[in-house]
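Note that ligands are numbered from 1 as they come in the structure, with each ligand's atoms numbered from 1 the same way.
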Amino acid sequence: MGRVEGKVAFITGAARGQGRSHALRLAEEGADIIAVDICNQVGTVKYPMATSEDLQQTVKDVEALDRRIVAVEADVRDLSALKAAVDQGVAELGRLDIVCGNAGIAGFGPADELTDEEWGDMLDINLTGVWHTAKAAIPHLKAGGNGGSIILTSSTAGLMAIENLAHYVAAKHGVVGLMRALALELAPDMIRVNSVHPTSVNTDMIHNSATYKLFAPDLDSPTREQIGERFRTLNALPIDWVEARDISNAVLFLASDEARYITGVTLPVDAGSTTK
Ligand code: NDP
């Protein structure tokens with residue numbers, strides 16, 4: 001028996017990175033997957049975003065594990081598209097138990113230099129998009145009558161300030177407030193709500209020239225190794241970054257019955273960075 005055998009998980013941002021990793025880890029442990037991703041570029045994002053081919057790769061990878069997957073291209077900013085995606089997934093897969101509000105973007109700049117558009121996209125995707133994810137899923141979780149587990153992806157930037165990320169920090173702190181309010185509201189239905197707080201994760205979100213410029217403004221074309229040294233200074237454990245699977249293991253734990261009485265917590269997977 002897998003740790004989430006027979007359950008269905010709805011995951012946003014599932015085309016690549018942590019979202020794909022969550023889909024695979026949960027599928028390995030017996031869950032079927034509803035995968036959503038925008039598969040398109042957001043105007044203010046300065047690194048290449050995922051594609052339809054990326055989402056199709058997630059589909060292939062989940063199917064290779066003999067689990068079912070319903071994949072829909074939808075933007076978390078569009079509540080009706082998101083609702084339609086979850087409704088379709090539940091109609092095909094029969095139930096909903098686990099929700100991963102993972103989709104997100106990154107952007108950088110001093111607070112007084114951020115544009116309205118940069119601020120708007122960040123809050124719309126990284127905070128309102130997470131609320132939309134919960135809103136689209138909650139009726140299905142309640143109707144199922146089996147409780148459930150909602151896991152919202154925040155960041156270490158949801159627990160502490162980081163310079164040049166004011167909009168990201170504000171959105172990720174907002175996710176914590178949303179998580180706590182949802183945890184109280186949904187407790188009577190045995191629906192648990194928690195957040196995870198990764199330190200730097202080895203995904204495309206950090207490995208791009210825009211992020212490299214932020215961490216190494218003094219180097220013209222920094223190598224991965226040089227960037228790793230800069231990222232390492234954030235962590236207490238002497239590592240550059242964690243892998244997506246490290247976050248997926250935390251998500252799996254929170255999704256599983258092993259965490260059946262854990263709700264309303266902020267779980268760092270941060271190599272000690274918030275303790276420094
Ligand atoms: P990726 O960029 O690899 O993955 C993010 C995914 O979210 C992409 O597939 C992206 O799709 C999707 N997405 C973005 N905007 C939307 C949208 N409007 N609607 C639907 N899907 C969307 O990065 P990660 O996997 O690393 O990031 C996952 C989460 O982890 C994010 O919330 C991020 O903020 C958080 N996080 C990341 C850290 C890191 O160091 N990588 C550290 C701490 C937290 P597309 O590319 O097509 O837009």
Side-chain angles (χ1 to χ4, degrees), residues 10-24 35-58 71-79 81-82 85 100-108 120-133 136 151-160 162 165 167-176 195-208 210-211 214-215 227-228 231 234-235 239-248 250-251 266-271 273-274:
F10 163 44
I11 303 168
T12 64
R16 71 178 191 191
Q18 294 175 58
R20 180 192 284 166
S21 173
H22 298 347
L24 298 185
V36 163
D37 202 288
I38 185 175
C39 300
N40 210 339
Q41 197 65 30
V42 172
T44 55
V45 172
K46 296 189 173 62
Y47 53 89
M49 296 178 67
T51 61
S52 303
E53 291 70 39
D54 289 320
L55 186 58
Q56 282 317 306
Q57 189 61 50
T58 301
V72 180
E73 292 187 19
D75 185 337
V76 294
R77 291 172 290 186
D78 181 347
L79 178 59
L82 209 52
C100 300
N102 162 81
I105 58 170
F108 316 104
D121 281 351
M122 182 63 72
L123 272 292
D124 286 350
I125 294 173
N126 286 20
L127 181 54
T128 307
V130 178
W131 169 61
H132 284 167
T133 302
I151 300 124
L152 306 182
T153 300
S154 177
S155 165
T156 51
L159 299 172
M160 63 188 220
I162 302 178
L165 286 172
H167 53 346
Y168 188 84
V169 168
K172 292 298 190 182
H173 274 71
V175 167
V176 174
S195 53
V196 289
H197 299 262
T199 182
S200 317
V201 187
N202 190 10
T203 68
D204 294 336
M205 186 178 274
I206 65 167
H207 291 300
N208 58 76
T211 312
L214 177 76
F215 277 82
I227 282 296
F231 273 99
L234 300 174
N235 298 326
I239 59 163
D240 302 351
W241 35 66
V242 301
E243 300 300 326
R245 196 171 170 89
D246 296 305
I247 312 306
S248 303
V251 165
T266 54
L267 176 60
V269 185
D270 71 344
S273 66
T274 55

Counting heavy atoms under 4.0 Å, the part of A74 that contacts ligand 1 is backbone

* Under 3.5 Å donor-acceptor, T156 side chain and H197 backbone -> no

Go through the steps for T128 and H132 under the test side chain to side chain contact (heavy atoms under 4.5 Å, CB included), then give the verdict. CA-CA 6 Å; T128 307; H132 284 167; 3.6 Å; yes

G17 heavy atoms within 4.0 Å reach ligand 1 at atoms 3 (O), 25 (O)

Check your understanding: Any idea how W241 and F231 line up, ring-wise: parallel (<30°), tilted (30 to 60°), or perpendicular (>60°)?
Key -> perpendicular

Closest to atom 21 (N) of ligand 1 among protein heavy atoms sits I38 N, 3.3 Å

Query raised in the report: If we only count N/O pairs under 3.5 Å, is A14 in contact with ligand 1?
Result: no

Atom 18 (N) of ligand 1 has as its nearest protein heavy atom D75 OD1, 2.8 Å

Logged contact type for K172 with ligand 1, heavy-atom cut-off 4.0 Å, is side chain

Honestly, for T156 the part within reach of ligand 1 (heavy atoms, under 4.0 Å) is neither

Report task. Tell me, please: is D37 in heavy-atom contact with ligand 1, that is, under 4.0 Å? Result -> yes

For Y47, is there any backbone N or O sitting under 3.5 Å from a side-chain donor or acceptor partner on Q41?
yes

For atom 43 (C) of ligand 1, the closest protein heavy atom turns out to be P198 O, 3.3 Å

If we number the atoms of ligand 1 from 1 as shown, the ones under 4.0 Å from a heavy atom of S200 are 40 (O)

For this session: Using modelled atom types only, decide if a donor and an acceptor are shared between the side chain of T12 and the backbone of A103 within a distance under 3.5 Å.
Result: yes

| said: Test your reading of the structure: does A50 have an N or O sitting under 3.5 Å from an N or O of ligand 1? | reply: yes

Ligand 1 to G13, heavy atom cutoff 4.0 Å, flagged ligand atoms 6 (C), 7 (O), 9 (O), 12 (C)

For I125, the atoms of ligand 1 under 4.0 Å from one of its heavy atoms are 15 (N), 18 (N)

In ligand 1, the atoms that come under 4.0 Å of a heavy atom of S155 are 43 (C), 44 (C)

Any non-hydrogen side-chain atom of P268 less than 4.5 Å from a side-chain atom of L159? yes

Any sub-3.5 Å donor-acceptor pair from T133's side-chain atoms to G129's backbone N or O?
yes

Residue, atom and distance of the protein heavy atom nearest atom 37 (C) of ligand 1 read Q18 NE2, 3.3 Å

Only one of I105, L123, N126 passes side-chain contact (heavy atoms from CB on, under 4.5 Å) with Y168, and that residue is N126

Atom 34 (O) of ligand 1 sits nearest the protein heavy atom Y168 OH, 2.7 Å

request  = Ignoring angles and geometry beyond distance, decide whether Y47 reaches within less than 3.5 Å of ligand 1 through its nitrogen or oxygen atoms.
outcome  = no

Got a donor-acceptor contact below 3.5 angstrom from the D78 side chain to the A74 backbone? no

For C39, the atoms of ligand 1 under 4.0 Å from one of its heavy atoms are 47 (O)

Measuring from the heavy atoms of T12, does anything fall under 4.0 Å of ligand 1? no

Applying a strict 4.0 Å limit to heavy atoms, is S154 in contact with ligand 1? yes

Counting from 1 in the order shown, the ligand 1 atoms closer than 4.0 Å to a non-hydrogen atom of N102 are 28 (C), 29 (C), 31 (C), 32 (O)

Q) Looking only at distance, does M49 have an N or O less than 3.5 Å from an N or O of ligand 1? A) no

Notebook entry, point to check: Judging by distance only, is a nitrogen or oxygen of G19 under 3.5 angstrom from one on ligand 1?
Noted result: no

Closest to atom 1 (P) of ligand 1 among protein heavy atoms sits R16 NE, 3.6 Å

Got a donor-acceptor contact below 3.5 angstrom from the T58 side chain to the A15 backbone? yes

The protein heavy atom nearest to atom 5 (C) of ligand 1 is G104 O, 3.7 Å

The single option from N202, T199, D270 that satisfies side-chain contact (heavy atoms from CB on, under 4.5 Å) with V242 is T199

Numbered in order shown, the ligand 1 atoms found under 4.0 Å of a heavy atom of I105 are 14 (C), 15 (N)

Exercise. Quick one: do the S52 and E73 side chains pair a donor with an acceptor below 3.5 Å?
Worked result: yes

Exercise for review: Say whether T203, considering both its backbone and side-chain N or O atoms, lies within less than 3.5 Å of an N or O atom on ligand 1.
Suggested key: yes

I'd like to know whether I38 forms a side chain to side chain contact (heavy atoms under 4.5 Å, CB included) with V76, so could you lay out the CA-CA distance, the side-chain angles of the two residues, the decisive distance to 0.1 Å, and finally the verdict. CA-CA 7 Å; I38 185 175; V76 294; over 6 Å; no

Residue, atom and distance of the protein heavy atom nearest atom 19 (N) of ligand 1 read V76 N, 2.9 Å

Practice problem: Would you check if the side chain of R20 reaches a backbone N or O of A14 as a donor-acceptor pair within less than 3.5 Å? | Solution: no

Taking K172 for its side chain and M160 for its backbone only, find out whether a donor-acceptor pair lies under 3.5 Å.
no

So for T199 against ligand 1, with non-hydrogen atoms under 4.0 Å, the contacting part is backbone

Between S248 and H22, does any side-chain donor sit less than 3.5 Å from a side-chain acceptor? yes

